[in-house]
Visitor: 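Attaching a single structure in structure tokens format; questions to follow.
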Amino acid sequence: MLQVPFIRENKELVIERLAKRNIDAEQSINDVITLDEDRRNLQATLDNLKAESNSISKEIGNLFKAGKAQEANALKEKTTQLKEDTKQLEQELNDKADALNALLYQLPNVPHQSVPKGNTDEDNEEVYREGDIPKLIDGALPHWELAKKYDIIDFELGNKITGAGFPVYKGKGARLQRALIAYFLDKNTEAGYTEFQLPHLVNEASGFGTGQLPDKEGQMYHVTGDNLYLIPTAEVPGTNLFRDTLLNESDLPIGITGYTPCFRREAGSYGAHVRGLNRLHQFDKVEILRVEHPERSYTALDEMVEHVKTILKELKLPYRILRLCGGDLGFTSALTYDFEVFSTAQDRWLEISSVSNFETFQANRLKLRFKNSEGKNELAHTLNGSSLALPRVLAGILENYQTEDGIKIPDVLVPYTGFDKI
RNA sequence: GGAGAAAUGGCAGAGUGGUCGAAUGCGGCAGUCUUGAAAACUGUUGAGGGUCACACCUCCGGGGGUUCGAAUCCCUCUUUCUCCGCCA
């Protein structure tokens, strides 16, 4: 959620930057400013009314104590009108605040100046590319065929137990999956992130804190019996660790990592591009999260990008990095870099990581602040990224490492798998 | 799941209708003393809004209510603890 004082002081900039998302926000921004002004005026009036009734109440108390019941009762009558006015003003104030908040919830984060204007993923800007695209063997197969051939992932079995998008990993497939999780976690802790194990179900307040709620509940599975949501990413429980938190400046930066399964309804996204592991309802992901001082959050973003690069380099997978354009940028993000691995057998790029700086957008909802050097409370910046999302990495490995006599395991993973070939 | 108890400032812990944003202790910060430190003593020390600064408003787990007035009474939700049941 954007900060009203920021909007007030940077009106033109906000409108201009939101235009990168192809949003004409002028009307909304003007409304925000007006509603906020009204709200503050109402608040001031209400405060005065309250001050008056507070002092009358005090007086009544004193009169009773002095044994002047008659005078006290006379004063009581005076408060009747006050109470009515207060009630009415409170109602008006609530209405204003609700209207203001409803507007604010609809406004996405202000994109960073480097974000290119654009509509779709075709307008994303490639900023880096590394790794040679391997020459495939004759008769190279896409990963869903390989999964069947080597009997390591069973999609039909998942269909039976749950439904489409819930694959069952078997044998070396399961072991490779576990190896990847352990490898990613080790790389992240080596880089200074603290490992966490987080809940896989979250309450409404958490969904709200990271921006899934309100409005985007369609992407999450809802457990109605207990009014909880299955997490779509570790970002939700991970970032909400810091909800309603006041940190010391010396606590920053904070870096955590965690493995969780992720559950996404992906309503309406069916078609040719969702075969195999490309898009699932349940998948595994290792996430990195940071809480940063506003002055160095973009340095931190660069560090996270570099970190993910080293992992992909070690895995020897061909990848590229995109700076997302305004139209493709997530609602809560100011700047996002997507990592994509090249899937040779499918001849397309697969998104395997998304690294974002949310600046104060989440922190404002979370009330995540730190006490700055002037002793004032200031919103911190939050960032997160995948390192990495498992299924598409797995797809990339299966397809790019296939040989005539099996699938080779990347060298760095062998200590984790215990075998070097499937 | 059943029965009972509880939730107060960084922590511990008083407070059962008015002068309580809240005693006291610990902790923190500043000072005195000391070569320095400790101890002792003195002072200070919650958060949010608002203001140039004051004033003022709000906050005693969340929400609602009673009352001129609520930390205190009532309803409700959540969480924690104890006992019983069940259980990886």
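All chains are named by letter (A, B, ...) in the order of the sequence lines, taking the proteins before the strands, and each is independently numbered beginning at 1.
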Visitor: Report yes if at least one side-chain N or O of A:K371 is closer than 4.0 Å to OP1 or OP2 of B:A47; otherwise report no.
Guide: yes
Visitor: Could you state the atom-to-atom distance from CZ of A:F208 to P of B:G62 in whole Å?
Guide: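 It is 18 Å, rounded to the nearest whole Å.
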Visitor: Provide the distance between the two C1' atoms, one in B:G49 and one in B:A55, to the nearest whole Å.
Guide: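 Nearest-Å result for B:G49 against B:A55 at atom C1': 14 Å.
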Visitor: What is the separation between atom CZ on A:R39 and atom C1' on B:G50, rounded to the nearest whole Å?
Guide: 11 Å
Visitor: Could you pull out every donor-acceptor pair under 3.5 Å between side chains of residues 393-400 of chain A and any protein atom, sequence neighbours left out?
Guide:
unit_1 : atom_1 : unit_2 : atom_2 : d
A:E399 : OE1    : A:S343 : OG     : 2.3
A:E399 : OE1    : A:A345 : N      : 3.4
A:E399 : OE2    : A:H143 : N      : 2.8
A:E399 : OE2    : A:H143 : ND1    : 2.9
A:E399 : OE2    : A:Q346 : NE2    : 3.2
A:N400 : OD1    : A:T344 : OG1    : 2.6
A:N400 : ND2    : A:F342 : O      : 3.0
A:N400 : ND2    : A:G396 : O      : 3.2

Visitor: Can you list the residues that meet the side-chain hydrogen bond (donor to acceptor under 3.5 Å, both in side chains) rule with A:N203, with sequence neighbours excluded?
Guide: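 Counting only residues at least two positions away or on another chain, A:N203 forms a side-chain hydrogen bond (donor to acceptor under 3.5 Å, both in side chains) with A:S206.
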Visitor: Applying the Watson-Crick and G-U wobble criteria at under 3.5 Å, what pairs with B:U66? Answer none if nothing qualifies.
Guide: none
Visitor: May I ask you to list the residues of residues 84-94 of chain A, by number, that have any heavy atom positioned under 4.0 Å from an atom of RNA chain B?
Guide: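 By residue number: none to list.
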Visitor: Got a sec, which pairs hit ring pair (Phe, Tyr, Trp, His ring centres under 6.0 Å) with one end in residues 156-182 of chain A, sequence neighbours left out?
Guide: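 Those involving residues 156-182 of chain A are A:F166-A:H281.
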Visitor: In whole angstrom, give the distance that lies between atom CZ of A:R243 and atom C1' of B:G61.
Guide: 14 Å
Visitor: Dump every N/O contact between nucleotides 53-57 of chain B and the protein below 3.5 Å, one line per pair.
Guide:
unit_1 : atom_1 : unit_2 : atom_2 : d
B:C57  : OP1    : A:N54  : ND2    : 3.0
B:C57  : O2'    : A:D47  : OD1    : 2.9

Visitor: Could you tell me the separation between the CG atom of A:D36 and the P atom of B:G49, rounded to a whole number of Å?
Guide: 13 Å
Visitor: Taking pairing as Watson-Crick or G-U wobble with both contacts under 3.5 Å, can you name the mate of B:U32, or confirm there isn't one?
Guide: B:A40
Visitor: Under the salt bridge (Lys or Arg N to Asp or Glu O under 4.0 Å) rule, what pairs show up with a residue in residues 77-102 of chain A, not counting sequence neighbours?
Guide: A:D38-A:K96, A:K50-A:E90
Visitor: Check the orientation of A:F263 and A:Y221. Use parallel for under 30°, tilted for 30 to 60°, and perpendicular for over 60°.
Guide: perpendicular
Visitor: Work out how far the C1' atom of B:G43 is from that of B:C33, and round it to whole angstrom.
Guide: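 Roughly 15 Å separates the two C1' atoms.
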Visitor: Taking atom P of B:G62 as reference, at what distance in whole Å does atom CG of A:D244 sit?
Guide: 11 Å
Visitor: Say we look at B:G85 and B:G2: how far apart would their P atoms be, to the nearest angstrom?
Guide: 16 Å
Visitor: Mark yes or no: A:K172 above the aromatic ring of A:F419, with NZ or CZ under 6.0 Å from the six-membered ring centre and no more than 45 degrees from the axis.
Guide: yes
Visitor: Is the cationic atom of A:R365 (NZ for Lys, CZ for Arg) positioned less than 6.0 Å from the six-membered ring centroid of A:F208 and within 45 degrees of its normal?
Guide: yes
Visitor: Pick the P atom in B:U78 and in B:C86, then give their distance to the nearest Å.
Guide: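 Between the two P atoms, the distance is 25 Å.
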Visitor: Could you name each residue pair satisfying side chain to side chain donor-acceptor pair (under 3.5 Å) that touches residues 193-202 of chain A, not counting sequence neighbours?
Guide: A:Y193-A:R290
Visitor: For B:A23, which nucleotide is its Watson-Crick or G-U wobble mate, given both distances must be under 3.5 Å?
Guide: none
Visitor: Strictly by Watson-Crick or wobble contacts shorter than 3.5 Å, is anything paired with B:C52, and which nucleotide is it?
Guide: none
Visitor: Whole-Å distance between B:G46 P and A:N248 CG?
Guide: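 Atom-to-atom, A:N248 to B:G46, this comes out as 16 Å.
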Visitor: Regarding A:I60, tell me which of base, sugar-phosphate or nothing describes its non-hydrogen contacts under 4.0 Å with the strands shown.
Guide: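 A:I60: base contact, heavy atoms under 4.0 Å.
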Visitor: Taking the P atom in each of B:G64 and B:C59, what is the distance between them to the nearest angstrom?
Guide: 11 Å
Visitor: So which atom in A:S387 and which in A:F184 form the shortest heavy-atom distance, rounded to 0.1 Å?
Guide: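 Closest approach of A:S387 to A:F184: O-CB, 3.3 Å.
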Visitor: Looking at residues at least two apart in the chain, or sitting in another chain, which of them share a ring-ring contact (aromatic ring centres under 6.0 Å, His included) with A:F370?
Guide: A:H293
Visitor: Contact class for A:K83 vs. all strands (heavy atom < 4.0 Å): base, sugar-phosphate, or nothing?
Guide: sugar-phosphate
Visitor: For B:G1, which nucleotide is its Watson-Crick or G-U wobble mate, given both distances must be under 3.5 Å?
Guide: B:C84
Visitor: Determine which nucleotide pairs with B:G9, using a 3.5 Å limit on both distances of a Watson-Crick or G-U wobble pair.
Guide: none
Visitor: Looking at A:K170 and A:D151, does any basic side-chain N land under 4.0 Å from a carboxylate oxygen?
Guide: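 Between A:D151 and A:K170 there is a salt bridge, with a charged N closer than 4.0 Å to a carboxylate O.
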Visitor: Please list all pairs passing the salt bridge (Lys or Arg N to Asp or Glu O under 4.0 Å) test where one or both residues lie in residues 222-246 of chain A, with sequence neighbours left out.
Guide: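 Passing the test, one end in residues 222-246 of chain A: no pairs.
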Visitor: Please state the C1' separation for the pair B:G15 and B:C60 - nearest whole angstrom.
Guide: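 The answer is 11 Å between these two C1' atoms.
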Visitor: Using the P atom on both, measure B:U42 against B:G25 and round to a whole Å.
Guide: 10 Å
Visitor: Starting at the 5' end of RNA chain B and moving along, which residue's nearest nucleotide shows up first, A:S53 or A:N62?
Guide: A:N62
Visitor: What is the pairing partner of B:C59, taking Watson-Crick or G-U wobble pairs with both distances under 3.5 Å in any strand?
Guide: B:G46
Visitor: Could you state the CG-P distance from A:N73 to B:G18, rounded to the nearest angstrom?
Guide: 17 Å
Visitor: So what does A:R369 touch, heavy atoms closer than 4.0 Å: a base, only the sugar-phosphate, or nothing?
Guide: sugar-phosphate
Visitor: Nearest-Å distance, CZ (A:F64) to C1' (B:C68)?
Guide: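 My rounded result for the distance is 8 Å.
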Visitor: Mind checking the C1' distance from B:G21 to B:U8? Whole angstroms is fine.
Guide: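 Result for the C1' pair: 11 Å, nearest Å.
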